[in-house]
Number of protein chains: 2
Amino acid sequence: MRLSTKGRYGVTAMIHLATYFNKGPVSLKDIAQELDYSEAYMEQLFAALKKERLVASQRGAKGGYSLAKDPSDITVGEIIKALEGPIEFSSCVGGTENFKCKKSTHCVTKEVWEQVNDSINNVIDHITLGDLLKKYDTN
Amino acid sequence: MRLSTKGRYGVTAMIHLATYFNKGPVSLKDIAQELDYSEAYMEQLFAALKKERLVASQRGAKGGYSLAKDPSDITVGEIIKALEGPIEFSSCVGGTENFKCKKSTHCVTKEVWEQVNDSINNVIDHITLGDLLKKYDTN
DNA sequence: GGATATTCCGAGTGGAATAGTAGGGATTAT
DNA sequence: ATAATCCCTACTATTCCACTCGGAATATCC
């Protein structure tokens with residue numbers, strides 16, 4: 001039960017990008033080198049981040065990626081969900097799965113999973129890159 | 001990003017067992033049939049639950065499993081952790097991994113993961129089988 | 001004491017997901 | 001033109017998940 005590397009890499013890379021906010025685009029090559037990630041793999045992550053309009057891209061020489069918004073307007077939750085899809089600690093939530101609830105045991109557990117999901121979302125949706133930058137600067 | 005079936009099956013099965021508390025052991029066969037899970041797979045789960053002393057076993061004919069404690073003394077968190085190991089939304093928590101933190105970016109993210117882990121644990125460690133049984137009964 | 005019901009144990013397996021690679025095409029600054 | 005960069009699709013190796021399988025040990029019942 002853990003986040004995949006996408007979420008971790010993504011958040012870390014976005015913090016890195018945030019430190020260059022309003023200083024022009026940063027190339028994937030630079031990001032990958034700085035954080036010691038695979039550049040080709042990062043391409044995939046940034047494609048997803050761009051799709052959700054969290055980053056903007058500049059093609060060609062001297063191009064790269066930059067934050068699409070102010071760091072304080074981007075939450076960790078948005079980044080994670082862009083890369084990994086919605087947070088679901090367990091299923092039988094949201095009604096997508098056709099579960100047998102004949103004994104209602106399942107429905108009792110459903111409440112548990114919902115509480116967990118809510119608490120996770122409550123944390124990650126309220127931490128912005130701006131918050132993290134502050135801590136970063138004071139280190 | 002979700003719990004595996006072990007956690008789900010385990011919690012559901014334990015609620016089922018709780019409804020038979022103090023009524024003698026229930027065989028895996030019965031549990032598996034009732035909940036429509038694979039019996040052989042459940043064996044593995046119950047081995048782990050027994051190891052953590054959440055259930056007690058009775059071998060031989062008329063044997064089976066029973067809760068090792070009062071339902072109100074068993075939390076959902078204990079069950080999940082017995083089956084899936086500790087909750088780690090992301091790593092770089094607990095210091096087991098030797099991460100490069102030269103830019104301190106990683107350490108900023110570490111706080112995020114810790115907050116998420118804490119919030120998950122806070123939910124699942126405070127819901128007992130007893131709590132769930134009450135809801136189950138009033139349905 | 002033999003048939004039967006059960007837990008216990010270790011190993012194996014097929015499929016899905018993860019974590020990348022690889023190769024080329026499109027765009028832009030210089 | 002050239003070099004740097006993003007863009008896109010497909011491929012691959014490894015790991016993890018959700019089981020299955022075969023048998024041994026133990027207890028009950030007749």
Side-chain angles (χ1 to χ4, degrees), chain A residues 1-13 17 20 24-68 80 83-86 88-91 97, chain B residues 1-13 17 20 24-68 80 83-86 88-91 97:
Chain A
M1 156 64 203
R2 59 156 53 186
L3 215 57
S4 75
T5 55
K6 287 184 183 175
R8 276 188 284 145
Y9 290 6
V11 172
T12 305
L17 256 197
Y20 287 92
V26 184
S27 73
L28 274 186
K29 196 180 170 190
D30 287 353
I31 298 173
Q33 270 179 7
E34 180 69 23
L35 302 177
D36 202 21
Y37 297 154
S38 147
E39 185 181 343
Y41 190 39
M42 294 302 280
E43 271 185 15
Q44 294 180 26
L45 307 198
F46 272 82
L49 292 170
K50 191 189 173 187
K51 200 174 165 197
E52 295 301 317
R53 302 183 192 286
L54 299 176
V55 298
S57 61
Q58 169 67 34
R59 283 179 142 197
K62 296 278 171 186
Y65 288 95
S66 48
L67 292 192
I80 291 174
L83 295 168
E84 311 222 9
E88 268 195 325
F89 187 72
S90 179
S91 51
E97 274 186 39
Chain B
M1 156 65 202
R2 59 156 54 185
L3 214 56
S4 74
T5 56
K6 287 185 183 176
R8 276 188 284 145
Y9 290 6
V11 171
T12 304
L17 256 196
Y20 289 91
V26 184
S27 73
L28 275 186
K29 197 180 170 190
D30 287 352
I31 299 174
Q33 269 179 7
E34 179 68 23
L35 302 176
D36 201 21
Y37 298 155
S38 147
E39 184 182 345
Y41 190 40
M42 294 302 280
E43 270 185 17
Q44 293 180 24
L45 308 197
F46 273 82
L49 292 170
K50 192 191 174 188
K51 201 174 164 198
E52 296 300 319
R53 302 182 191 287
L54 298 176
V55 297
S57 62
Q58 169 67 32
R59 282 179 143 197
K62 297 277 172 188
Y65 289 94
S66 47
L67 290 193
I80 292 175
L83 294 168
E84 310 224 10
E88 267 194 326
F89 187 71
S90 179
S91 50
E97 275 186 36

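Note that this is a predicted model, so its numbers are computed, not measured. So that the names make sense, note that chain A is the first sequence line, chain B the second, and so on, each numbered from 1.
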Open item on the list: For a quick check of understanding: with a heavy-atom distance under 4.0 Å over all strands, which category does A/G60 fall into, base, sugar-phosphate or nothing?
Closed with: base
TODO: Report the distance from atom CG of A/L49 to atom P of D/dC6, rounded to the nearest whole Å.
DONE: 13 Å
Task: Between P of D/dT5 and CD of A/Q33, the distance in whole Å - done: 10 Å
TODO: Quick one: list whatever passes side chain to side chain donor-acceptor pair (under 3.5 Å) with A/K50, sequence neighbours left out.
DONE: A/S57
Task: Separation between CD of B/Q44 and CG of B/L49, rounded to the nearest 0.5 Å - done: 12.0 Å
Task: C/dG20 OP1/OP2 closer than 4.0 Å to side-chain N/O of A/Y9 - done: yes
Task: D/dA18 phosphate, OP1 or OP2, under 4.0 Å from B/S4 side-chain N/O - done: yes
- [ ] Would you please confirm or rule out a distance under 4.0 Å between OP1 or OP2 of D/dA18 and any side-chain N or O of B/T5?
- [x] yes
Open item on the list: How about OH on A/Y20, more than 12 heavy atoms from neighbouring residues, nucleotides or ligands closer than 6.0 Å, or not?
Closed with: no
TODO: Calculate the interatomic distance between B/D36 atom CG and D/dA18 atom P; express it in whole Å.
DONE: 16 Å
Open item on the list: Is there a side-chain contact between A/Y65 and the phosphate of D/dC7, meaning an N or O under 4.0 Å from OP1 or OP2?
Closed with: yes
Task: Polar side chain donor-acceptor pair, B/T5 to B/Y37, under 3.5 angstrom - done: no
Open item on the list: Rounded to the nearest 0.5 Å, what separates atom OH in B/Y65 from atom CG in B/L17?
Closed with: 10.0 Å
Task: OP1 or OP2 of D/dT5 under 4.0 Å from side-chain N/O of A/S57 - done: no
- [ ] Indicate whether OP1 or OP2 belonging to C/dA5 is found under 4.0 Å from a side-chain N or O atom of B/S27.
- [x] no
- [ ] Mind calculating the distance between CZ (A/R8) and P (C/dT18) to the nearest angstrom?
- [x] 13 Å
Task: A/I31 CD1 to D/dC6 P, straight-line distance once rounded to whole Å - done: 8 Å
- [ ] Please state how far atom CG in A/L28 lies from atom P in D/dA4, giving the value in whole angstrom units.
- [x] 15 Å
Task: Toward the 5' end of DNA chain C, by each residue's nearest nucleotide, A/A61 or A/A40 - done: A/A40
Task: Atom pair distance, as rounded to whole Å: CE in B/M42 and P in D/dT20 - done: 12 Å
Task: Of the listed nucleotides D/dT20, C/dA29, C/dT7, the one nearest the side chain of B/Y41 - done: D/dT20
Open item on the list: Using heavy-atom distances to pick each residue's nearest nucleotide on DNA chain C, tell me which of A/K6 and A/K62 is more 5'.
Closed with: A/K6
Atom pairs under 3.5 Å, N or O on each side, protein against nucleotides 9-11 of chain C: can you list them with distances?
unit_1	atom_1	unit_2	atom_2	d
C/dC9	N4	B/E43	OE1	2.9

Open item on the list: One pair to check against side chain to side chain contact (heavy atoms under 4.5 Å, CB included): B/S4 and B/E84. What are the steps and the verdict?
Closed with: CA-CA 8 Å; B/S4 74; B/E84 310 224 10; 2.9 Å; yes
Task: Sub-4.5 Å side-chain heavy-atom contact between A/Y9 and A/T12 - done: no
TODO: Give a yes/no answer on whether the side chain of B/K50 brings an N or O atom under 4.0 Å of OP1 or OP2 in C/dC8.
DONE: yes
Open item on the list: Distance check needed: D/dC19 C1' versus B/E39 CD, whole Å only.
Closed with: 13 Å
Task: From A/I31 atom CD1 to A/E39 atom CD, the distance as rounded to the nearest 0.5 Å - done: 9.5 Å
